[in-house]
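Note on naming: letters A, B, ... go to the chains in the order of the sequence lines (proteins, then strands), and numbering restarts at 1 for each one.
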Amino acid sequence: MAALSGVRWLTRALVAAPNSGTWRNLCTSAVAHAASRSQAEDMRVEGAFPVTMLPGDGVGPELMHAVKEVFKAASVPVEFQEHHLSEVQNMASEEKLEQVLSSMKENKVAIIGKIHTPMEYKGELASYDMRLRRKLDLFANVVHVKSLPGYKTRHNNLDLVIIREQTEGEYSSLEHESARGVIECLKIVTRTKSQRIAKFAFDYATKKGRGKVTAVHKANIMKLGDGLFLQCCEEVAELYPKIKFETMIIDNCCMQLVQNPYQFDVLVMPNLYGNIIDNLAAGLVGGAGVVPGESYSAEYAVFETGARHPFAQAVGRNIANPTAMLLSASNMLRHLNLEYHSNMIADAVKKVIKVGKVRTRDMGGYSTTTDFIKSVIGHLHPHGG
Amino acid sequence: MIMALKMLTATSCFVKAMLRPSTLCHSWEILFGRETSLRSFSFKHGIPPSAKYGGRHTVTMIPGDGIGPELMLHVKTVFRHACVPVDFEEVIVNSTSGEEDVHNAIMAVRRNCVALKGNIETDHNLPPSHKSRNNMFRTTLDLYANVIHFKSLPGVETRHKDVDILVVRENTEGEYSNLEHESVKGVIESLKIITKAKSLRIAEYAFQLAQEMGRKRVTVVHKANIMKLGDGLFLQCCREVASCYPQLTFEGMIVDNTTMQLVSRPQQFDVMVMPNLYGNIVNNICTGLVGGAGPVPGANYGHTYAVFETASRQSGKNLANKNMANPTAMLLASCILLDYLKLHSYATSIRNAVLASMENKDVHTPDIGGQGTTSDIIQNITNHISTVN
């Protein structure tokens, strides 16, 4: 109560304050109600964090709208800078990409929807999505698959983390037709990137207090490629004696995930396996609508949904589930040190799901996206008094 | 003829400088192949990737004994107020920990490559097989250079003013080699090891640092009149390296004379380089000159790792939990850490806040002659950070 009013006063005071130079960081943790200044960064709105927003395709814009509504209702000091980059809607070009990149490099934090990659080969092997990730070097994709309390699925109380290398592997966009009717598709595995993702996985496990990291591979078939990945993981594992390291072949891993997913804690794997396991695990706890995800590079953090689907069939029908995007937005707030707002939004969303009265179609209910958003907003304030 | 000779020495220096690796490259690993490979476990292919994700660094924090834990808490508070993007991985090692705990801690520093450390007390009543934990850190991680910048702080009353000395101390060999034995009953042989490679390395580091910081004179502290071979080798190595830095003045000074000069006229010294034990003594003298163990930070550098701590490695057992300890040293050490991580803006803001509160005599802690408590000074610093423009 006092905390919320304190925060409100602070944000109001900051927004109303005359141009007092550059303000960027707003630590509103319950203990430290101290606003400290930015370190030489220009801001358009006083007292708000600038965050790049890329709505993407399909239901992306609707989900982003949901995020904006909830943020407005919770008076979150974040200012979104929207950019529209889309291959399928013909809004993609080199300069647009450059614009988006410079915006993201400046803000360092972004929230994005799925930028759909069309199936047809139009002369460019690397999609805009891939190019964005490569240019920002977002090498690690983290999807925290956690069962939502109150929503029963076939597997309950699941809590695993999937870490996926995002910049090389099968997604290297190196394909050619060596002889007529024969295509060679190159999967690239490098030592530096494998070491980097392995270290990320173990550092993540150490930070969150996890006990086991499982490397997923197919080194019996791709002896050199996945063999290198596995070797790098083993090397890095030696630096972390307290964390158990295991390996598992991808086929066995998929089977184990659907039979007994509780045996897994943190999983680390190359690009394509990661894509598959992400979606599989998301399906275990309720689908693409409920799992948030994030991508990290050394400098930048990008927040998105765990399973990236544009869900084009739902456009305009107001049936998309905004849970994943809202939870991801809450993670973003935590990354920006806005713990209070982060918890407020996450708790509101979880409460709505737990109560179970307002559920979108993918979770077995009949409500629309707008109903869900209203319900979440309704649960925001009683919490703060 | 003389010109030709000069050119010859110049080119040989140039060639040597080209072949001699700079302080930060890994080719020394090849030279000390066996030695470092025993220590670097299986990360044969160089340093592990840095622990920086999403713009946030992870730094190992070892609170240690005595006042260590409370000082670390204060560092965390100040960092939170300044919104520094650094997360700490705490590893607990104290005087009672076993070898395994120490190895875990060392592993943690290897993982994150940077650490902030308090002092771990070494009980000298225990048998000789119980090695000094701090020493284990330094030798295993090969933190060969201990660098401390002694500068008179404004606001701290001392007998000597305008002291500005940079001390570079060899941190891994010398008298601290842990090689002692009883050859005959009642006769102890204690070995001081001086190697050419390590002496060259530390001399190179010192001269390079002097050049980077725009210093003019490097003084080598030794006792080569007595230890003709040991310290003689050290002096010779320094002389060799000095010949490649003609713009820096090189002088040697015997340690007894040095200590006398330090307490009578410390302003004459600029950069000093020396082996391990003399370094320990000179560091503590200089610490006393600028205001005591309270305000001075120190840093230990190796090729791949860096560990930051207070200058005088005292654990402050009798000050523990009394809210009387001076947090300045640890805070300034954390500023050096931030500079090392290239977070210069945060480093400057915290440093300015700390120096500003040093000027405020009301919050001086007892060690620098005031009546304030640790929490007062921390409050002062955090207020300063919050209100700065």
Side-chain angles (χ1 to χ4, degrees), chain A residues 20-29 31-41 107-109 138-140 142 191-200 202-204 206-207 231-232 234-243 294-303 331-332 335-337, chain B residues 40-58 60 76-85 87-91 100-101 103-113 338 341-350 353 379 381-389:
Chain A
S20 47
T22 50
W23 284 90
R24 196 206 196 288
N25 294 331
L26 209 120
C27 284
T28 51
S29 68
V31 178
H33 276 298
S36 91
R37 78 169 280 225
S38 145
Q39 316 298 334
E41 252 147 1
N107 300 331
K108 300 205 192 301
V109 177
L138 294 166
F139 65 92
V142 180
R191 183 177 282 281
T192 32
K193 291 197 176 179
S194 308
Q195 270 177 356
R196 193 167 61 163
I197 193 66
K199 184 144 201 292
F200 179 91
F202 279 95
D203 276 340
Y204 187 90
T206 312
K207 209 179 212 176
Q231 191 190 351
C232 292
E234 274 162 2
E235 275 174 22
V236 175
E238 291 190 20
L239 287 175
Y240 299 82
K242 293 214 167 134
I243 298 183
E294 47 237 32
S295 297
Y296 291 103
S297 83
E299 315 281 332
Y300 314 113
V302 168
F303 297 85
N331 289 341
M332 178 183 78
H335 180 83
L336 290 171
N337 277 331
Chain B
S40 59
F41 289 77
S42 65
F43 240 103
K44 319 174 187 85
H45 305 273
I47 48 174
S50 78
K52 179 181 184 190
Y53 308 118
R56 294 189 75 86
H57 288 90
T58 310
T60 309
K76 281 202 264 198
T77 318
V78 173
F79 271 31
R80 205 171 57 224
H81 273 274
C83 291
V84 179
D87 296 315
F88 287 109
E89 185 192 335
E90 268 195 58
V91 194
E100 214 196 287
D101 283 334
H103 280 296
N104 274 337
I106 294 177
M107 219 34 126
V109 181
R110 263 182 216 282
R111 298 200 282 261
N112 299 324
C113 295
L338 289 174
L341 291 174
K342 310 232 189 319
L343 295 169
H344 297 292
S345 46
Y346 297 102
T348 349
S349 87
I350 297 181
Q379 189 70 37
I381 293 171
T382 47
N383 287 342
H384 202 268
I385 297 176
S386 319
T387 57
V388 105
N389 1 32

- When only pairs under 4.5 Å are counted, which of B/Asn104, B/Thr58, B/Thr348 shares the most heavy-atom pairs with chain A? B/Asn104

- Message: Among residues at least two apart in sequence or on other chains, which ones pass side chain to side chain contact (heavy atoms under 4.5 Å, CB included) with B/Ala353?
- Response: B/Ile381, B/His384, B/Ile385

- Query: What's the spacing between A/Tyr296 OH and B/Arg56 CZ if we round to 0.5 Å?
  - Reply: 10.0 Å

- Query: Using non-hydrogen atoms only, which part of A/Phe200 is less than 4.5 Å away from chain B: side chain, backbone, both, or neither?
  - Reply: both

- Message: So B/Arg111 and A/Val236, do their side chains get closer than 4.5 Å, heavy atoms only?
- Response: no

- Give, as side chain, backbone, both or neither, the part of A/Thr192 having an atom under 4.5 angstrom from any heavy atom of chain B. neither

- Note on the structure: One should read off an interatomic distance between B/Met107 CE and A/Lys242 NZ, to the nearest 0.5 angstrom, of 11.0 Å

- Query: How many angstroms lie between atom CG of A/Asp203 and atom CG of B/Asp87, to the nearest 0.5 angstrom?
  - Reply: 10.5 Å

- Message: Which one wins on heavy-atom pair count under 4.5 Å against chain B: A/Ala198, A/Ser295, A/Ala140, A/Ser297?
- Response: A/Ser297

- Note on the structure: Output for pair (A/Glu294 CD, B/Tyr53 OH), nearest 0.5 Å, gives 14.0 Å

- Message: Using heavy-atom distances under 4.5 Å, tell me whether A/Phe139 contacts chain B through its side chain, its backbone, both, or neither.
- Response: side chain

- Note on the structure: The side chain to side chain donor-acceptor pair (under 3.5 Å) partners of B/Thr60 (sequence neighbours excluded) come to B/Asn112

